[in-house]
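Before any comments, here is the structure.
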Number of protein chains: 2
Amino acid sequence: MSLPYLKSLEAVDAALQAGSLKQAAAALSITPAAAGQRIKALEEFLGVDLLVRTRAGLRAAPELEGALPHLQRAFAELKLAADALDLQRTDEIRIAAVSDWADLWLTPRLAQFRARHPNVMFAINGAGDAPQRIGRVDCEVVFAPLEEKSTGRSPAGETDILFHDYLAPVGSPANERRVRASPDAERLEGFPLLHLDFYKDDAEALTWPDWIARYGGRFTAPERGIRFQRVTTALEAVRSDAGFVIAGLALLADHIARAEVSLPFPAAAGQWTAGAFQARYRPGALRKPAMRAFRKWLSAEAAASAERVAALVASH
Amino acid sequence: MSLPYLKSLEAVDAALQAGSLKQAAAALSITPAAAGQRIKALEEFLGVDLLVRTRAGLRAAPELEGALPHLQRAFAELKLAADALDLQRTDEIRIAAVSDWADLWLTPRLAQFRARHPNVMFAINGAGDAPQRIGRVDCEVVFAPLEEKSTGRSPAGETDILFHDYLAPVGSPANERRVRASPDAERLEGFPLLHLDFYKDDAEALTWPDWIARYGGRFTAPERGIRFQRVTTALEAVRSDAGFVIAGLALLADHIARAEVSLPFPAAAGQWTAGAFQARYRPGALRKPAMRAFRKWLSAEAAASAERVAALVASH
DNA sequence: ATCTCAATAAAGAAAAACTTTAGTATAGGG
DNA sequence: CCCTATACTAAAGTTTTTCTTTATTGAGAT
């Protein structure tokens with residue numbers, strides 16, 4: 001028992017509720033012309049005018065009388081159903097992201113997106129202004145090796161590569177000054193080396209032993225020192241002059257720009273990661289306009305960020 | 001408050017009611033694949049499974065529980081609304097036709113269409129197997145002058161020209177035989193002339209005075225005699241040997257073929273009408289598949305009929 | 001009369017929905 | 001255990017619907 005003209009009926013209901021096509025159209029987020037077309041299609045099919053257009057607004061035509069109460073109840077119920085399913089709240093974006101990326105990269109930039117899209121709510125790693133709801137996250141951000149397109153079937157959903165990171169030693173400005181004073185050969189002499197595990201699974205991961213071997217002269221037992229799982233905590237340590245750490249500049253670009261941390265050595269003495277930060281979108285998530293906008297924005301911001309790191313590496 | 005995924009919700013409701021996608025699809029007159037897609041689209045959008053697919057059929061997923069009663073009520077109400085509007089009965093065709101055409105031409109042929117489309121119901125000029133309903137007729141058949149395409153705007157809706165008619169004297173077979181025996185000059189001598197007003201507004205209308213002047217020799221006061229408004233009644237008069245009438249052969253072709261009436265003179269002694277029988281379809285009416293089929297059939301039948309009259313005129 | 005606003009018409013563009021074809025899993029029968 | 005029938009799913013491509021844009025009409029207000 002297919003029932004055709006669902007959208008026409010919706011428009012009729014909306015028009016009667018709103019009192020004018022224009023307002024009904026606004027309520028349905030379509031143009032007035034489209035609203036008129038929906039209604040007209042049904043009227044033509046039935047060969048009856050369903051709405052009486054009067055100067056004072058719209059009224060139900062007598063032919064509609066029998067159906068109108070049903071219509072109104074039907075759409076009221078549908079609205080309840082939609083609420084129960086959270087169909088309405090299309091303006092919520094749920095993100096699960098590796099927390100360092102979220103804290104260091106996304107959060108500072110997000111204000112900008114939110115300024116442009118004031119009614120989009122976020123839930124990032126469970127926290128945020130969007131209430132907890134049914135359903136999985138819309139977007140997942142990870143640092144991972146690049147997946148071969150051909151490797152099996154893609155895991156359903158689109159994946160954007162945001163940016164690679166660039167690993168290089170980072171220290172506090174104070175420590176940087178001290179290092180600059182030392183001769184090259186023993187420049188790291190006396191500074192504790194901090195180790196960050198965040199990138200350790202990367203195929204091109206740069207460790208202190210690697211770095212020393214390539215650029216660094218002498219240093220006894222470069223593999224020793226405090227290990228950090230998270231970039232954020234390593235960053236805190238560096239800022240309190242605890243030593244140098246090899247970290248990804250992409251996540252720290254802002255801190256470097258604000259001179260909260262600095263590069264003690266030429267940035268060229270570093271290494272691009274093989275993997276990259278990647279955003280994976282749940283299939284279906286991109287149906288929401290808000291998600292499409294977010295994806296576009298995220299990709300653009302990521303590109304800008306990559307650009308900036310590349311410039312930093314080239315110039316420094 | 002636009003509510004998206006209306007069709008998805010409809011499919012969910014139908015699937016739960018039917019117990020299987022296949023049956024739901026049948027109920028919605030779509031393919032099972034389409035039904036699955038509708039549901040899947042919504043599930044993806046929400047990021048939740050709404051239906052639990054089990055060997056024993058489909059069940060509502062827990063996530064759906066809150067919404068399900070609303071959904072069911074909503075679609076039940078919609079169905080009521082649709083019934084009230086007769087949205088369902090798509091297989092009814094309402095025709096308003098000039099009654100002579102309906103009685104003499106359409107009705108005899110309609111059986112053939114009905115054989116092909118057994119579940120299409122007709123209401124012709126208010127009578128028929130289709131119940132009385134709201135709304136205007138779907139198709140109007142008139143005998144009228146040809147409208148210039150350019151004359152103003154078309155009166156909304158498509159118009160098909162069915163066939164022109166051919167006016168010529170018609171009589172009963174008995175009278176025909178008697179006429180054939182008479183010499184040409186006084187061949188109409190002694191026969192009452194019957195006058196049919198049906199075609200009188202046509203630009204090329206052929207009347208008895210016209211005919212006598214052109215083909216007929218002498219006849220005193222050819223404009224006198226009984227006048228008939230309708231072809232059917234004139235036909236009755238002719239069949240009871242009341243005299244000769246100038247009538248349209250297109251409507252009488254069957255009667256001529258069955259030798260119920262006959263042409264007392266060569267058919268070439270006649271005149272094509274300027275106007276034609278025309279079918280005007282209400283805008284929107286052709287959305288119904290049944291209407292499209294009817295239109296196609298009607299046009300084909302009309303063409304065949306025109307062909308037949310032309311052959312009759314040429315041969316006789 | 002002229003202006004403004006809402007509604008309508010028409011055309012083209014965009015998005016949704018559908019069918020087709022092919023493929024996968026599962027239950028029942030040999 | 002294997003085969004087959006059945007229901008569902010996936011992907012691709014096509015058709016239909018729906019929407020926006022642009023222009024026009026018509027009614028009421030200035």
Side-chain angles (χ1 to χ4, degrees), chain A residues 2-12 14-16 18-45 49-59 61 90 149 152-158 283-284 286-289 291-292, chain B residues 2-12 14-16 18-45 49-59 61 90 152-158 283-284 286-289 292:
Chain A
S2 153
L3 58 101
Y5 293 100
L6 261 180
K7 303 207 142 183
S8 295
L9 293 172
E10 183 189 16
V12 167
L16 284 174
S20 84
L21 281 194
K22 193 181 186 185
Q23 287 173 271
L28 298 172
S29 337
I30 57 179
T31 58
Q37 284 173 30
R38 280 192 185 183
I39 294 171
K40 178 159 243 296
L42 180 55
E43 288 180 328
E44 282 195 346
F45 174 82
D49 279 357
L50 296 175
L51 299 182
V52 183
R53 282 84 165 166
T54 155
R55 65 238 81 198
L58 297 173
R59 263 209 343 277
T90 279
K149 280 272 181 185
R153 32 176 324 160
S154 71
E158 309 237 21
L286 292 172
R287 290 169 184 272
K288 311 184 198 177
M291 277 307 294
R292 281 202 282 263
Chain B
S2 153
L3 58 102
Y5 293 99
L6 260 179
K7 301 205 140 185
S8 295
L9 293 172
E10 183 189 16
V12 168
L16 284 174
S20 86
L21 282 194
K22 193 182 185 184
Q23 288 174 272
L28 298 172
S29 336
I30 57 180
T31 59
Q37 283 172 33
R38 280 192 184 183
I39 294 170
K40 180 158 239 297
L42 180 55
E43 287 180 329
E44 281 195 347
F45 174 83
D49 277 359
L50 296 176
L51 299 183
V52 184
R53 281 84 165 167
T54 157
R55 66 237 79 206
L58 297 172
R59 265 208 343 279
T90 279
R153 31 171 329 157
S154 71
E158 309 236 22
L286 292 172
R287 290 170 184 271
K288 311 184 197 178
R292 282 201 282 261

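Letters A, B, ... are given to chains in the order of the sequence lines, protein chains preceding strands, and every chain is numbered from 1.
For the pair A:L21 CG and C:dA9 C1', the computed distance is 14 Å after rounding to whole Å. Between the P atom of D:dC19 and the NZ atom of A:K40 lies a distance of 16 Å, rounded to the nearest Å. Atoms CZ (A:R59) and P (C:dA7) sit 15 Å apart, rounded to a whole Å. The CG-P distance, from A:L51 to C:dA6, rounds to 17 Å in whole Å. Note: CG (A:L28) to C1' (D:dT18) measures 13 Å, nearest angstrom. As rounded to whole Å, 14 Å separates atom C1' of C:dA7 from atom CD of A:Q23. Distance NZ (A:K22) to P (D:dG26): 20 Å, rounded to an integer number of Å. For A:L50 and C:dA7, the CG to C1' distance is 16 Å, given to the nearest whole Å.
Annotation: side-chain hydrogen bond (donor to acceptor under 3.5 Å, both in side chains) contacts of A:Q23 (sequence neighbours excluded): A:S20. A:R59 pairs by the salt bridge (charged side-chain N to carboxylate O under 4.0 Å, His left out) definition with nothing, not counting sequence neighbours. Take A:R292 and apply the side-chain hydrogen bond (donor to acceptor under 3.5 Å, both in side chains) test, not counting sequence neighbours, and it matches no residue.
The phosphate of D:dA27 has neither OP1 nor OP2 within less than 4.0 Å of any side-chain N or O from A:R53.
Using modelled atom types, no side-chain atom of A:E43 and backbone atom of A:D49 make a donor-acceptor pair closer than 3.5 Å.
In DNA chain C, runs of at least 3 stacked Watson-Crick or G-U pairs (N1-N3 plus N6-O4 or O6-N4, or N1-O2 plus O6-N3, all under 3.5 Å) give these stems: C:1-30 with D:1-30.
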Which atoms of nucleotides 16-23 of chain C (N or O only) lie under 3.5 Å from a protein N or O atom, and what are those distances?
{"residue": "C:dC18", "atom": "OP1", "partner": "B:R38", "partner atom": "NH2", "Å": "2.8"}
{"residue": "C:dC18", "atom": "OP2", "partner": "B:R38", "partner atom": "NE", "Å": "2.9"}
{"residue": "C:dC18", "atom": "N4", "partner": "B:Q37", "partner atom": "OE1", "Å": "3.3"}
{"residue": "C:dT19", "atom": "OP2", "partner": "B:T31", "partner atom": "N", "Å": "2.8"}
{"residue": "C:dT19", "atom": "OP2", "partner": "B:T31", "partner atom": "OG1", "Å": "2.9"}
{"residue": "C:dT19", "atom": "O4", "partner": "B:Q37", "partner atom": "NE2", "Å": "2.8"}

For residues 34-42 of chain B, please give each side-chain donor-acceptor pair under 3.5 Å, one per line with the distance, not counting sequence neighbours.
{"residue": "B:R38", "atom": "NH1", "partner": "B:K7", "partner atom": "O", "Å": "3.3"}
{"residue": "B:R38", "atom": "NH1", "partner": "B:E10", "partner atom": "OE1", "Å": "3.2"}

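Using a 4.5 Å heavy-atom threshold, the side chains of B:V52 and B:L58 count as separate.
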